[in-house]
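Data first, discussion second: the structure below is written as structure tokens.
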Amino acid sequence: MARHLITSAIPYINGIKHLGNLVGSQLPADLFARYQRGRGHEVLFLCATDEHGTPAELAAAKAGKPVAEYCAEMHETQAEIARGFRLSFDHFGRSSSPQNHRLTQAFAARLDEAGLIEERVETQIYSKADGRYLPDRYIEGTCPNCGFESARGDQCDNCTKQLDPVDLIEPRSVISGSTDLEPRETKHLYLRQSKMRGELSDWIDSKTDWPVLTTSIARKWLNDGDGLQDRGITRDLDWGIPVRKGEAEWPGMEGKVFYVWFDAPIEYIACAQEWVDAGKGEDWERWWRTDKGADDVRYTQFMGKDNVPFHTLSFPATILGSGEPWKLVDYIKSFNYLNYDGGQFSTSRGRGVFMDQALEVLPADYWRWWLLSHAPESSDAEFTWENFQQSVNKDLADVLGNFVSRVTKFCRSKFGEEVPAGGAHGDRELALIADLERRVRAYEGHMDAIEVRKAAAELRAIWVAGNEYLQDAAPWASFKTDPEAAAMQIRLALNLIRLYAVLSAPFIPDASAQLMEAMKIDDDAWPGNVTEALSVLPVGHGFAVPDVTFRKITDEERADWHARFAGIRS
RNA sequence: GGGCCCGUAGCUCAACGGUCAGAGCAGACCGCUCAUAACGGUUUGGUUGGGGGUUCAAAUCCCUCCGGGCCUACCA
């Protein structure tokens with residue numbers, strides 16, 4: 001039995017994520033976790049909310065709540081939605097947890113001892129009206145290059161020129177609009193990633209089987225310009241993990257917190273501690289410490305492409321720099337973006353479908369199937385309602401759902417609601433079994449390689465094989481001349497339903513559970529060989545005709561939703 | 001400005017230097033009637049964005065042009 005540690009990029013606390021976020025990290029991670037569990041392997045699947053930083057503080061202020069309270073509420077909201085999508089986290093933690101506080105501070109101490117932390121004094125813009133330092137993107141003004149009036153402090157959106165906030169004409173705070181800004185000196189800690197460039201570069205070079213998307217982004221950062229740059233890991237904020245050297249004070253850093261991108265990945269580890277502290281597990285170190293049993297763990301991370309630099313460089317720098325035997329990631333699966341109907345999903349403009357809205361409209365399985373079978377693996381992908389309706393109706397309703405319906409209803413009307421006796425497999429059945437044997441192995445291969453779209457296509461082909469078989473065997477015809485043959489055929493078909501439930505569970509867990517229930521069985525063992533898997537339901541075993549497994553999306557619904565999600569979230 | 005990715009049938013995608021560039025959907029035709037008017041079979045459809053080059057052989061490698069996207073380190 002293998003052991004799989006699986007993490008999804010942790011979603012930011014601020015607001016509800018859209019389907020593009022979901023398909024880029026949590027959903028494929030869940031697919032992989034469910035698959036590995038299904039294969040009988042030991043899995044620890046972790047995710048959390050990323051709670052620190054300026055946007056969380058501002059959102060809390062806007063909501064009129066203390067930031068801790070706001071984050072606690074939003075965490076519960078996200079957890080509820082995650083349950084709605086059947087994301088099977090072993091634990092859904094919080095980067096603001098006490099465990100993460102301790103661990104982040106401990107890492108900082110270790111890195112400092114290793115000479116990898118440097119204090120630097122720098123000048124940042126302070127807004128008196130807001131009472132805070134402003135990140136470059138929170139400063140707007142007139143572009144000195146093109147005269148655009150809403151240029152951001154880091155870059156002008158009009159002429160794309162990169163800017164420094166001090167270059168802006170009439171700079172103002174994006175938060176309050178205040179122009180009472182002044183540069184102030186402030187001291188910050190930097191992680192000296194540049195000292196680890198060689199080590200990181202060698203490590204990336206050793207990962208020859210990683211997606212190009214992953215390694216090319218890492219190499220760009222390693223080699224661009226002067227090479228990998230040191231990175232500031234502290235901020236002048238109230239909400240965050242206080243800068244401490246382990247248990248001790250960090251002189252000169254009072255009142256400052258660690259930068260979210262330092263503490264967020266460490267939460268992957270802290271989350272395992274939370275999992276234990278919540279009473280769900282026994283020993284987190286055997287997943288994370290190679291000196292305490294984690295040496296045989298395979299660790300896979302899932303994320304959108306925007307997260308790649310932090311997972312390929314910054315976090316590994318933290319791990320390696322600590323000099324402690326922490327588990328390093330073995331495989332990084334990264335995704336491109338999902339676009340919405342000809343443009344981008346937009347959180348600010350409410351364009352596209354957000355996770356909570358998706359569940360209001362249709363059950364999770366519909367979304368899971370479409371999103372996974374169209375996952376943006378090789379390039380950006382596009383969601384359109386036409387494509388969604390077409391794919392879901394055809395694949396889930398017509399191919400799979402209707403197969404279940406035709407088999408169970410035929411059996412009920414001819415033999416009653418139990419697996420009928422009589423007959424034996426002939427050439428046609430042996431051919432089907434051989435075909436399925438090949439396809440199941442191909443499916444496993446794609447799932448092992450995390451080739452999500454290919455796995456979905458193979459699973460669909462497995463469903464289609466059932467319809468092909470039925471059409472060929474035609475039990476409705478053989479029933480008239482040779483009822484025993486019809487009984488054997490339908491017995492096989494009923495067993496196919498159970499097999500489909502087992503194989504499909506990683507993609508569509510609710511439908512799979514419904515099918516298992518209809519077949520009145522809880523044996524969900526992964527098929528070691530197809531012949532045996534197709535004899536699990538014995539003669540005389542009772543079953544029920546399930547309700548419509550997947551209803552179809554109508555043209556009216558499609559048109560309605562298309563209009564509803566075009567922009568401006570209510 | 002720099003870097004990376006992408007452009008293949010009406011649509012969504014395969015093919016990663018080597019048999020006539022393949023699937024699914026949509027379209028057309030035929031069959032079946034157990035079923036959610038569902039299923040099965042056959043079939044139409046492509047100068048692989050344009051141009052040039054390397055090679056016995058190019059969708060695939062190189063150059064160039066066109067188009068789209070992403071990243072560029074203080075949003076996270």
Side-chain angles (χ1 to χ4, degrees), chain A residues 9-14 50 52-56 58 122 124-125 133-139 152-155 160-162 164-165 174 188 193 212-213 215-217 219-221 223-225 228-232 235-236 259-261 264 304-310 313-314 336-337 339 344 370 373-374 376-384 386-387 390-391 393-414 451 453-454 456-457 460-461 464 466-477 479 486 489-490 493 545 547-552:
Chain A
I10 66 179
Y12 196 64
I13 190 68
N14 189 0
D50 174 16
H52 299 133
T54 307
L58 297 180
E122 55 196 15
Q124 289 187 350
I125 303 296
Y133 285 90
L134 297 177
D136 290 356
R137 294 193 186 196
Y138 283 88
I139 302 166
R152 288 184 325 211
D154 56 338
Q155 187 176 42
T160 73
K161 186 179 170 61
Q162 285 189 57
D164 196 291
V174 171
H188 283 296
Q193 299 182 139
V212 182
L213 186 64
T215 52
S216 66
I217 292 173
R219 290 211 174 85
K220 157 73 172 166
W221 282 55
N223 302 321
D224 189 41
L228 187 62
Q229 299 297 297
D230 296 339
R231 191 165 191 113
R235 291 290 183 274
D236 288 295
Y259 178 39
V260 281
W261 263 114
K305 59 184 167 185
D306 51 332
N307 276 329
V308 168
F310 304 99
L313 303 170
S314 302
N336 287 282
Y337 291 145
N339 290 318
Q344 291 188 359
W370 190 90
S373 61
H374 294 78
E377 290 178 297
S378 56
S379 64
D380 290 353
E382 169 121 341
F383 176 92
T384 64
E386 291 72 17
N387 186 305
Q390 227 170 51
S391 297
N393 284 357
K394 191 70 187 176
D395 298 349
L396 297 181
D398 295 346
V399 175
L400 177 61
N402 181 56
F403 175 79
V404 172
S405 179
R406 65 194 297 204
V407 169
T408 53
K409 285 180 181 173
F410 178 80
C411 187
R412 179 173 63 183
S413 74
K414 305 300 184 194
E451 294 269 11
R453 276 193 311 225
K454 287 179 182 172
R460 185 189 187 283
V464 167
N467 281 313
E468 286 171 357
Y469 169 75
L470 272 193
Q471 186 65 30
D472 191 33
W476 49 89
F479 181 75
Q489 289 158 354
I490 219 66
V545 174
D547 295 333
V548 169
T549 315
F550 293 103
R551 71 172 184 83
K552 292 200 192 195

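All of these numbers come straight from a predicted model, not from anything done at the bench.
Contact annotation: A/R460 side-chain N/O to B/A23 OP1/OP2 distance is not under 4.0 Å. At B/C75, one or more side-chain N or O atoms of A/R137 fall inside 4.0 Å of OP1 or OP2 (strictly under the cut-off). OP1 or OP2 of B/A15 lies within a sub-4.0 Å distance of a side-chain N or O belonging to A/K454. Contact between the side-chain N/O atoms of A/Y337 and the OP1/OP2 oxygens of B/C5 is not found at any separation under 4.0 Å. Contact between the side-chain N/O atoms of A/R453 and the OP1/OP2 oxygens of B/G24 is not found at any separation under 4.0 Å. Contact annotation: A/K394 reaches the phosphate of B/C39 (side-chain N/O to OP1 or OP2, under 4.0 Å).
You cannot call A/F410 stacked on the base of B/C34; the centres under 5.5 Å and planes under 30° rule is not satisfied.
The residue A/S405 sits close to a base: some heavy atom pair falls under 4.0 Å. Residue A/R219 is out of contact with every strand shown, counting any heavy-atom pair closer than 4.0 Å. A/Y259 comes within contact range of at least one nucleobase, with a heavy-atom separation under 4.0 Å.
Using atom P as the reference point in both B/G22 and B/C16, the two lie 13 Å apart (nearest Å).
Set against B/A38, B/G24, B/A76, the side chain of A/N402 has B/A38 as its closest nucleotide. Here the nucleotide nearest the side chain of A/K305, chosen from B/G69, B/U12, B/U36, is B/G69.
For the residue pair A/D395/A/S391, the side-chain donor-acceptor check at 3.5 Å is not satisfied.
As a whole-Å value, the separation of A/L470 CG from B/C34 P is 12 Å.
In this structure, A/Y12 and A/D50 approach most closely via the heavy-atom pair CD1-O, 3.1 Å.
Both A/E382 and A/K414 sit near RNA chain B, but only A/E382 has its closest nucleotide nearer the 5' end.
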